[in-house]
Amino acid sequence: MDDKEKMQGESLPSEEGQHSKVRSLIRPHSSKGKKSPGSPSASSTPEPPIGRIRRPWSAHPKTRADVSKKKLVRENLKKSHMRPPNRRQKSKENDLQNEEKDANGTQVIGLECPALDYKPQRYKDQMVDHEGQDEKDLLDYGVTTLVSESSGRSPSPDHSWAMTQVKRDMSKSKKQHPTFESWTMMSPHDSEEYDTDLEKDMIKKIEKPIDPTGKTTYLDQCQRDGLIPVSYLSRHLGDRNLRMRHHYLGGTATKPVARALEFNTVTENLDLGDNYLEGDGAVYLCRMLKDNMFIVSLDISNNFIQSKGAKAVASMLDVNTTLKTLSLSGNQLCDRDAGYFTEALKSNTSLTSLDLSNNEFGEAGGVYIAQALVSNESITDLDLSWNSIRNRGAEAIGKALANNQVLEVLDVSWNGFGLPGCRGLQLGLRVNSKLRVLDISNNRINKNCAKELSLGLSKNFGLETLLMNLNALTDEGIEIILKAVNQSQTLSYISLQEMNINMNNYKKIQQMENENDMTILHGGLGGAQRYTPQTSVLKVLSKFLKEHRIDLEGALRQQDKDHSGTLQQEEIKLAFKEAGLRLTNRQMDVLVEEIDVTHSGSIKWEDILNGRVLMEYNRRKSSVAYKLAEVDQETLFSNMKKRQLTVI
């Protein structure tokens, strides 16, 4: 038994050989569908020896053509080293729609189904010429073959839907450049189901009507915020000059107004004074002005915007490049807020008129504003009246005039300049040649201050108007000022109202007016020969018309964009400033009120040029004091007649 077992052990292979023999009998996947090697109809390929491991067909070197003829199922080729050579990795979705051509020019049509033991058919492409003939329906035949073989039935015409789908896929796979006509025309397959949200938004924006006045936007925003629209705004949002004062609009209700003006392209002058906008309303308006490039004048005076609004205004001035006139009067601004404007005014180059009156600027605020004046190169009109600027701040503003060569009108009335401020003004006026109007009324100026100020006035050669009302100059101080004014070659308008004068000063005033063609306002000796502010500003206008009539006519025509012949008061003020008439804000208000004969807010600008407003004032105010202006008016008419005769 031992020998027999030993002989059997020699005849049987070892355990390792047994496993290797079993592995050698395992067929690769490529030989699926063939009979077993032991059958008589098996392939003629000799089997390798038992102890030798058979390699799969993919390990044998083959040509590209031989490899392309074999079709493998991708699900079984999960290892990278078992993938056929020179094949790009594709996704399962692309494998399910396999429509590739091999090297012999055959096309594989259909899907490989291992469960049904089906292999896709291969057909050669038979393309016809381009003379209008159709292609042979190879795809239809492949699909019907696949359906018939899988179901065991012959192809029937009921499967036309599958043929149609294959035709569509085939047409999509071919890249064709569309013509211009097909590109402009809508596709017959377009449907609302395929529209994206972006396309719908674009269609809505295109279909939305143009709203240049902002009325529709205003009403929509009021509806969103739950606010009642202001009927006045609804009617006047399309006006070029939008003026709405004393309506108690409030900060929240300012948001729809700002939203409407953001898209408004008509309004140029916006006046929302005394509407209690507060800081929130100022923030809304300043956001709007960062985008709106049509508004050139903004008045938000007496709205209590305080520090929050001051920050918003300062940030707006850094961006806005169209705003020319800004009024922030009566908004409870303090010294800290003046620091915000310092940096903003250094970079802004469009603002020409700034009104900071009736605020709470003190000594530190004056220093901040002086720093802005040194660097700013655009502001020509600055109003700092009715503040508390004194001592070091007043001196800094006076000295800033030595470095500023742009400012033409400076109103620092109703402050506390005193002696330090007059010393600063002396140093500034000795050098400055650009300033034309200076108002230092009610600034605690006495005879000692007058001595300091006179040193600057006597050497100045640019100042034209000097207002020194309500100061404790006394007779000695008035005499010092009159001597300095008499030495100046440019001063033509001096106001010494609300101050008593003696006989000597009165005679000197009369002499200076006759010899130097000056207008000196004073209290007089009982008021018999006393000029009123209305009379004085009209005389200034009469003199300006004689010298700059052509410039004023051009400025008025430029403001009259609708060629109606009438202008609003704000437009008249802008025209006067553009033509070169330099007055303080209070003087300008008095002048416009007097030439508005009908008190309707609109003025015929041709009546200003031909002198009818002066004649109307002379008819209403028939006094002896106005005869000086009447003489100028007659001279004006004579010059106009001469020009007409020359033209004819």
Side-chain angles (χ1 to χ4, degrees), residues 357-358 360-363 365-366 383-399 401 410-430 435 437-460 463 465-488 491 493-510 512-513 518-533 536 584-587 590:
S357 61
N358 290 279
E360 300 174 1
F361 295 136
E363 186 174 352
D383 191 350
L384 295 172
S385 61
W386 290 89
N387 281 284
S388 301
I389 302 175
R390 56 177 62 92
N391 298 331
R392 189 164 56 94
E395 186 177 2
I397 290 177
K399 290 181 179 179
L401 296 176
L410 177 61
D411 188 354
V412 291
S413 60
W414 294 85
N415 281 280
F417 268 45
L419 187 60
C422 289
R423 287 175 180 171
L425 288 173
Q426 174 203 345
L427 298 175
L429 292 174
R430 290 166 67 98
L435 190 67
V437 180
L438 176 62
D439 190 353
I440 52 176
S441 302
N442 197 9
N443 265 289
R444 304 177 184 177
I445 298 176
N446 53 24
K447 63 178 182 181
N448 296 326
C449 300
K451 292 179 182 179
E452 295 288 343
L453 189 61
S454 62
L455 297 176
L457 292 175
S458 59
K459 296 184 178 180
N460 181 271
L463 196 63
T465 301
L466 177 63
L467 306 176
M468 297 185 64
N469 305 323
L470 290 170
N471 281 300
L473 288 175
T474 67
D475 294 336
E476 185 179 356
I478 292 175
E479 184 178 357
I480 294 172
I481 294 297
L482 290 177
K483 287 181 180 179
V485 169
N486 196 23
Q487 295 177 6
S488 176
L491 274 171
Y493 186 93
I494 301 96
S495 180
L496 300 173
Q497 291 181 330
E498 306 298 333
M499 289 184 292
N500 295 326
I501 59 174
N502 56 18
M503 183 60 70
N504 294 332
N505 290 334
Y506 178 76
K507 291 181 179 179
K508 193 168 186 178
I509 289 173
Q510 294 294 326
M512 292 173 61
E513 285 182 341
M518 289 184 177
T519 300
I520 303 177
L521 304 181
H522 57 84
L525 297 174
Q529 301 293 329
R530 179 179 177 181
Y531 286 123
T532 61
S536 62
T584 62
N585 291 336
R586 283 190 294 276
Q587 287 179 315
V590 170

Closest non-hydrogen atom pair between [X] and [Y], with its separation:
X      : Y      : value
Arg390 : Gly416 : CB-O, 3.0 Å
Gly366 : Ile389 : CA-CG2, 4.1 Å
Ala450 : Gly477 : CB-O, 4.0 Å
Asn391 : Pro420 : O-CB, 3.9 Å
Trp414 : Leu470 : CZ2-CD1, 3.7 Å
Leu419 : Asn448 : CD1-O, 4.2 Å

Main-chain N/O of [Y] paired to [X] side chain as donor or acceptor, under 3.5 Å:
X      : Y      : answer
Asn469 : Glu498 : no
Asp475 : Asn504 : no
Asn443 : Phe417 : yes

Side chain to side chain contact (heavy atoms under 4.5 Å, CB included) assessment of Ile494 paired with Met512
CA-CA 11 Å; Ile494 301 96; Met512 292 173 61; 5.8 Å; no
Is [Y] close to [X] at the side-chain level, that is, under 4.5 Å between some pair of heavy atoms?
X      : Y      : value
Arg586 : Ser413 : yes
Val485 : Ile520 : no
Leu457 : Ser488 : no
His522 : Asn505 : no
Gln587 : Asp439 : no
Glu513 : Ile509 : yes
Leu425 : Val412 : no
Leu491 : Leu466 : yes

Residues in side-chain hydrogen bond (donor to acceptor under 3.5 Å, both in side chains) with [X], at least two apart?
X      : value
Asn585 : Asp383
Lys447 : Glu476
Asn486 : Asn516
Asn460 : none

Find the distance between [atom1] ([X]) and [atom2] ([Y]) and round it off to the nearest 0.5 Å.
X      : Y      : atom1 : atom2 : result
Arg430 : Gln426 : CZ    : CD    : 5.5 Å
Cys422 : Arg444 : SG    : CZ    : 12.5 Å
Ile501 : Thr474 : CD1   : OG1   : 13.0 Å
Glu452 : Asn446 : CD    : CG    : 10.5 Å
Leu401 : Leu435 : CG    : CG    : 6.0 Å
Glu479 : Leu473 : CD    : CG    : 12.0 Å

Does Leu453 form a side chain to side chain contact (heavy atoms under 4.5 Å, CB included) with Ile480? I'd like the steps, not just the answer.
CA-CA 9 Å; Leu453 189 61; Ile480 294 172; over 6 Å; no
With sequence neighbours excluded, residues passing salt bridge (Lys or Arg N to Asp or Glu O under 4.0 Å) with Arg423
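Result, salt bridge (Lys or Arg N to Asp or Glu O under 4.0 Å) vs Arg423: none returned.
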Which residues pass the salt bridge (Lys or Arg N to Asp or Glu O under 4.0 Å) test with Arg392, sequence neighbours left out?
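Testing Arg392 for salt bridge (Lys or Arg N to Asp or Glu O under 4.0 Å), a comparison that skips the adjacent residues, returns Glu363.
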